[in-house]
Amino acid sequence: MLTVTLAIVSIAILAVTVSSTYAQEQAEVARELFNLYPAYQVPEITTRRFTQKEMLGWLKPLHEQRMFDMTPVGQSAEGRTIWLLKAGQGKTKVMMWSQMHGDEATATMAIVDMMNFLGKRPDHRVAKAIREQLTLLLIPMLNPDGAQRFERRTAQLIDVNRDALRLKTPEAQALKKAWEAHRPEFGFNLHDQDPRTTVGNTKKVSAIALLAPASDESRSDNHVRRPAKQVAATFAAAMQLFIPGHVSKYDDTFEPRAFGDNIQKWGTSTILVESGGWPGDRNKMFLRKLNCVGFLTVLYAIATNTYEQADLQLYEQLLPNTKYIYDLILRNAQLKAANNISSIIVDIGINIDEERDASTGTVNLVGKVTDIGDLSTFTSFEEVDLKGSSVEGVITKIEQRLTMDEIRALSGKK
Ligand SMILES: [Zn+2]
């Protein structure tokens with residue numbers, strides 16, 4: 001009896017040791033890739049607003065170096081070729097598609113950086129494992145027409161991620177066709193979410209949100225979803241090293257028209273990665289780095305099969321996306337909305353968005369008064385305590401537009 005107990009105890013200790021060794025190794029890999037990033041970051045990428053032509057320009061030297069094959073998988077509504085990049089000779093196929101929403105460019109930049117890592121550091125153990133054990137199938141920029149205008153939808157005004165069933169758009173057809181031709185084991189569905197998303201009720205901004213989407217209404221686990229969760233757990237563990245507390249779980253309600261949900265259903269273990277916000281990083285350069293480090297770390301885990309040892313709780317326990325953040329909160333402002341109304345002390349939540357002038361092409365920042373009242377449960381990227389100063393005559397209504405000069409003047413009232 002004692003021997004049996006001892007044996008069980010030692011097996012348990014062995015199991016703990018194996019998983020912690022795995023976790024340590026993953027952390028080492030992620031840290032190394034993070035520290036090495038300046039050596040493989042593509043320096044030409046300086047803004048998240050870029051066209052397909054620019055992206056192809058960045059990929060060109062890598063293509064000439066024969067880092068990948070390029071084949072057309074379709075044409076956008078406006079006639080731009082949608083490209084599939086194929087790299088590596090391994091037996092496990094991993095498909096990654098980015099920018100199906102034209103204004104969600106973070107992962108596209110990270111994919112270019114990732115290819116540059118494989119090109120610049122071919123002898124690195126991560127690059128070797130990925131090339132030898134995996135075949136990468138990449139569609140960076142599924143919606144080049146949307147990217148051209150930096151808009152979510154396609155030139156036909158369709159949200160590609162609601163066209164996985166009808167497949168009416170050439171962009172959705174291209175993704176389905178690429179998937180059918182390769183039937184990959186793993187899929188990465190890459191997006192940007194509202195940068196004003198928080199992690200549960202922690203008031204921390206969500207920099208990265210992850211999801212192993214449900215493939216049916218019952219949200220059941222199966223042999224397809226479970227590996228997706230293990231990979232998501234690996235991703236989450238790597239991110240917690242650099243942005244502890246800033247990783248959340250995306251809403252897992254099944255959306256029957258979305259690609260992630262369907263590709264999971266078709267048998268590919270699919271992970272949704274949503275890049276969110278980070279203070280002072282409107283252009284998402286830090287998030288791009290996190291994406292790239294995350295991709296390489298989990299691809300290495302897939303290539304070495306070590307993702308199977310991931311602690312699923314690291315995924316399951318991620319707090320859900322919430323909305324408790326504004327770009328700017330003016331606290332304790334004295335508001336008198338009109339002459340005949342008494343004044344009141346309020347908090348004012350203001351969001352600041354980019355607006356592109358279609359005629360000149362210039363991008364301006366424009367504020368909007370989003371909420372007025374008790375915002376004590378909310379946080380913000382910037383906060384000014386007005387200590388009772390009046391905003392009379394300046395803020396007169398909800399959803400009021402504000403120029404940056406007006407915002408600066410308001411912030412200066414303290
Ligand atoms: Zn999206």
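All ligand and atom numbering here is 1-based and tracks the order in the structure. Please read these numbers as outputs of a predicted model, since none were measured by experiment.
Screening the protein for N, O or S atoms under 2.8 Å from the Zn ion (ligand 1) yields 4; no waters enter the count.
Here Arg408 pairs with Asp405 in a salt bridge; the nearest charged N to carboxylate O distance falls below 4.0 Å.
Residues satisfying the side-chain contact (heavy atoms from CB on, under 4.5 Å) criterion with Arg196, sequence neighbours excluded, are Asp194, Ile325, Asp327, Asn351, Asp353, Phe381.
For Phe259 and Trp179, the distance between ring centers is not under 6.0 angstrom.
A cation-pi arrangement is present between Lys249 and Tyr315 under the rule of less than 6.0 angstrom and at most 45 degrees off the ring axis.
Residue pairs satisfying the ring-ring contact (aromatic ring centres under 6.0 Å, His included) criterion with at least one member in residues 106-132, sequence neighbours excluded, are listed as follows: Tyr40-Phe117, Phe117-His124. Sorted by first then second residue, the salt bridge (charged side-chain N to carboxylate O under 4.0 Å, His left out) pairs that include residues 45-60, not counting sequence neighbours, are Arg48-Glu354, Arg49-Glu354, Lys60-Glu64.
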